[in-house]
Amino acid sequence: MNHTSYIEISESAIQNNIDFIKQFLGDETIFSSVVKGNAYGHGINIYCPLAYKYGIRHFSVSDAHEAYELKSCLPNDDVEIMIMGMIENDQLSWAINNNISFYVFEENRLKNALFYAKKFKKTAQIHIEVETGMNRTGFEKSQITSIIDFVKSNSKFLKLKSVCSHLAGAESITNYKRISKQRKNFKLIKKEIKQHVNSSPLFHLASSAATIRYPKTQLDLVRIGILQFGYFPTKEILVHYFNKEKTFVNPLKRIVSWKSSVMDIKVVKSGEFIGYGTSYFTNEETTIAIIPVGYSSGYNRLLSNRGKVLINGDRFNVIGTVNMNMMAVDITHNKNIKKGDEVVLIGSQKEKEITVSSFNDSIQLINYELLTRLPKNLPRIITK
Ligand SMILES: *Cc1c(COP(=O)(O)O)cnc(C)c1O
C-alpha cells in the first residue's frame, strides 16, 4: 500500500560522508558509527547495512533494543556493537551471550555483568564510562581505581574494552571552558588508568563536534553521529571547518529526502479562514494545495504558517495550522500545479532545495531532533 509520504536515502551520499570522515580521522582512530534514534531517523535497517558496505565495522547505539535491531540487519558478525545507555538485566545476559559490548557507569551494572558472564561462562565486553564534567552518567574519579581493580581481578569474565567519557557541548564555543576542563580531567584519568592496567584499553571522548573542532580529542576512537548523515552539528562547526580548510565547500551530503504529493487543490474566496481556527485569513482569492502530511508524519506543528515546500521546482508557504494528517500550501501564483504532483518537504527539486537546517532557522528545530522525529513507519527507499 502506498504511503502518503516517503523518505529517500541516498547511497552515494552515505559513501561520500563515510569517505570524508575516514580521511579526516587519524590513521589509528576507529570510526564508530552512532546509530541511536533509529539511525537519526534514517532507519537502522536501511542505513546500517549500507554503512557496513562502505566499511563501517564499529557501531554505537543507545540501548539494547537498538543493538538487537542492528545486529539483525547486518550481513556479518565481524562488527563491534557498543551500547552506550540503557540495558535491563535480562538484556544484559543477551548482550553478553552475543558479544555486544556495553557501557558500565555504576557498580550495580558491573556486578550484574560479572554475574551473568559467570553464569554463561562468557566474557562481558565492557566500556568504563568516567565522569569528566557532563554530569550525566559515569564513575567519579575517586571510584576509578577500585573499579579497575575489580575488573582486573575478574579478567576471566570482564574484558575492559575501553574507557570513555562524553563532552557537554563541543558544538558551541560558549562551552569552551567547560570542554577544556573535561579534556583535562579525561587526560588525568587516562594517565592514572594506564599506570594501573597491563592491557591497553581504548580511550574515547569525541563525537562529531569535537572530532572536527578539537582533532586532538580523536584519540583511539570517535563516536560519530550527525556528521555521517551529512550535517555539521552546528553552523559554528561548519564555519570552523571552512576557516581551517580555507574552503567554502561543504564536504558532506544530505542523505535524506522527504517527499509527498498534492492530494487536492481548491480555490478559497477572499475573506475566509483556512483550516482549523483563525490563524490564516485570505486577503485575496487563494488557491491552496492540500498535502497529506501532518504532525503525525513528523512535520512539526510549529511549522503552521511557516513551513515551506517545493512543488514543480518552486517554493510555497504552508498556510494555516499543520493538522495531524494534512496541511495546506498557498499556490495562488502557480496555475500549473496538478493533483498528484510531487511535493518535497526536505530535499531538492529542480534548482531549489529545502534543507534540514532551514527548520532550525524558522522554528529552532535542531537537525538532530527533526531527523529523529521522522516516524519509523514512513517507507524508506534507497536511491543512487
Ligand atoms: C549521540 C552520541 C554521540 C554522537 O553525537 P554526534 O554529535 O551526533 O556525533 C556520541 N557519543 C555519545 C555518548 C552520544 O550519546
Side-chain angles (χ1 to χ4, degrees), residues 1-8 37-38 40-41 231 234-235 254 256-379:
M1 200 79 94
N2 281 343
H3 230 269
T4 60
S5 73
Y6 62 95
I7 287 168
E8 287 177 354
N38 198 26
Y40 290 48
Y231 314 95
T234 51
K235 289 202 176 134
R254 178 173 40 74
V256 83
S257 301
W258 184 16
K259 297 178 178 178
S260 181
S261 55
V262 174
M263 177 169 94
D264 192 20
I265 293 174
K266 70 154 66 187
V267 177
V268 180
K269 288 192 302 243
S270 180
E272 295 280 334
F273 294 111
I274 289 189
Y276 288 120
T278 56
S279 81
Y280 191 87
F281 183 74
T282 56
N283 284 316
E284 55 175 0
E285 187 179 274
T286 302
T287 309
I288 58 172
I290 303 294
I291 318 298
V293 170
Y295 53 83
S296 73
S297 317
Y299 201 86
N300 200 297
R301 202 167 161 275
L302 292 175
L303 290 161
S304 300
N305 288 311
R306 281 185 148 168
K308 312 241 186 268
V309 304
L310 303 177
I311 313 174
N312 285 356
D314 276 324
R315 202 182 303 263
F316 298 98
N317 295 323
V318 172
I319 55 175
T321 55
V322 172
N323 302 174
M324 190 186 291
N325 297 92
M326 53 182 115
M327 60 191 187
V329 168
D330 182 354
I331 55 163
T332 306
H333 300 291
N334 186 314
K335 299 294 175 211
N336 300 320
I337 293 173
K338 304 179 302 300
K339 221 162 99 172
D341 282 353
E342 181 188 81
V343 178
V344 170
L345 308 161
I346 295 172
S348 306
Q349 205 182 45
K350 296 190 180 151
E351 307 294 296
K352 297 210 170 66
E353 183 180 9
I354 308 265
T355 65
V356 170
S357 69
S358 66
F359 291 82
N360 190 358
D361 296 336
S362 59
I363 59 168
Q364 263 120 63
L365 189 62
I366 60 171
N367 45 21
Y368 293 78
E369 187 178 348
L370 180 131
L371 292 167
T372 52
R373 278 173 181 266
L374 291 173
K376 220 169 167 173
N377 66 354
L378 291 185

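Positions are given from 1 along the sequence.
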Evaluate the criterion side-chain contact (heavy atoms from CB on, under 4.5 Å) for residue pair Trp258 and Ile7; output intermediate values, then yes/no.
CA-CA 5 Å; Trp258 184 16; Ile7 287 168; 4.0 Å; yes
Working for side-chain contact (heavy atoms from CB on, under 4.5 Å), residues Leu303 and Leu365
CA-CA 10 Å; Leu303 290 161; Leu365 189 62; 5.6 Å; no
Tyr231 vs Val256, test: side-chain contact (heavy atoms from CB on, under 4.5 Å). Steps then yes/no.
CA-CA 11 Å; Tyr231 314 95; Val256 83; 3.6 Å; yes
Under the criterion side-chain contact (heavy atoms from CB on, under 4.5 Å), I'd like the reasoning laid out for Lys266 against Ile288: C-alpha separation, chi angles, the key distance, then a yes or no.
CA-CA 6 Å; Lys266 70 154 66 187; Ile288 58 172; 3.7 Å; yes
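Between the side chain of Ser348 and the backbone N or O of Glu353 there is no donor-acceptor pair closer than 3.5 Å. A donor-acceptor contact shorter than 3.5 Å links the side chain of Thr332 to the backbone of Thr287. A distance-only check finds a donor-acceptor pair linking the side chain of Gln349 to the backbone of Ile311 [under 3.5 Å]. Here the side chain of Asn323 pairs a donor or acceptor atom with the backbone of Thr321 at under 3.5 angstrom. Side chain of Ser260 to backbone of Thr4: a donor-acceptor contact under 3.5 angstrom is found.
Residues Asn360 and Asn367 form no side-chain contact, since every pair of their non-hydrogen atoms from C-beta on lies 4.5 Å or further apart. Side-chain contact between Val268 and Glu285 is absent, with no heavy atoms from C-beta onward closer than 4.5 Å. Looking at Asp314 and Lys352, their side chains come closer than 4.5 Å, going by heavy atoms from C-beta outward. At least one side-chain heavy atom of Met327 sits less than 4.5 Å from a side-chain heavy atom of Leu345. Residues Ile346 and Leu370 are in side-chain contact: their nearest non-hydrogen atoms beyond the backbone lie under 4.5 Å apart.
Ring pair Tyr299/Phe359 is perpendicular by interplanar angle, where above 60° counts as perpendicular and below 30° as parallel.
Minimum interatomic distance between Ile337 and Ile265 (heavy atoms only, all atoms of both residues): O-CD1, 3.2 Å. Residues Pro375 and Ser297 share a closest heavy-atom pair of CD-O, 3.0 Å. Nearest approach of Lys235 to Ser357, heavy atoms of both residues: CE-OG, 4.3 Å. Closest heavy-atom contact between Ser5 and Pro379: O-CD, 3.4 Å. The two residues Gly41 and Leu374 make their nearest non-hydrogen contact at O-CB, 4.2 Å. In terms of heavy-atom proximity, Arg301 sits nearest to Val322 at CG-O, 3.7 Å.
Separating the CG atom in Asn300 from the OG atom in Ser362 is a distance of 9.0 Å, to the nearest 0.5 Å. Interatomic distance, Ile319 CD1 to Tyr280 OH, rounded to the nearest 0.5 Å: 4.5 Å. If you take CG on Leu371 and CG on Asn38, they are separated by 11.0 Å, rounding to the nearest 0.5 Å. With rounding to the nearest 0.5 Å, the separation of CD1 in Ile354 from CZ in Arg254 is 10.0 Å. Separation of atoms CG (Asn283) and OG (Ser270) is listed at 6.5 Å; rounding is to 0.5 Å. In this structure, Met326 CE and Ile291 CD1 are separated by 11.0 Å, a value rounded to the nearest 0.5 Å.
Counted within 6.0 Å of CZ on Phe273, heavy atoms from surrounding residues, nucleotides or ligands total more than 12; the atom is thus considered enclosed.
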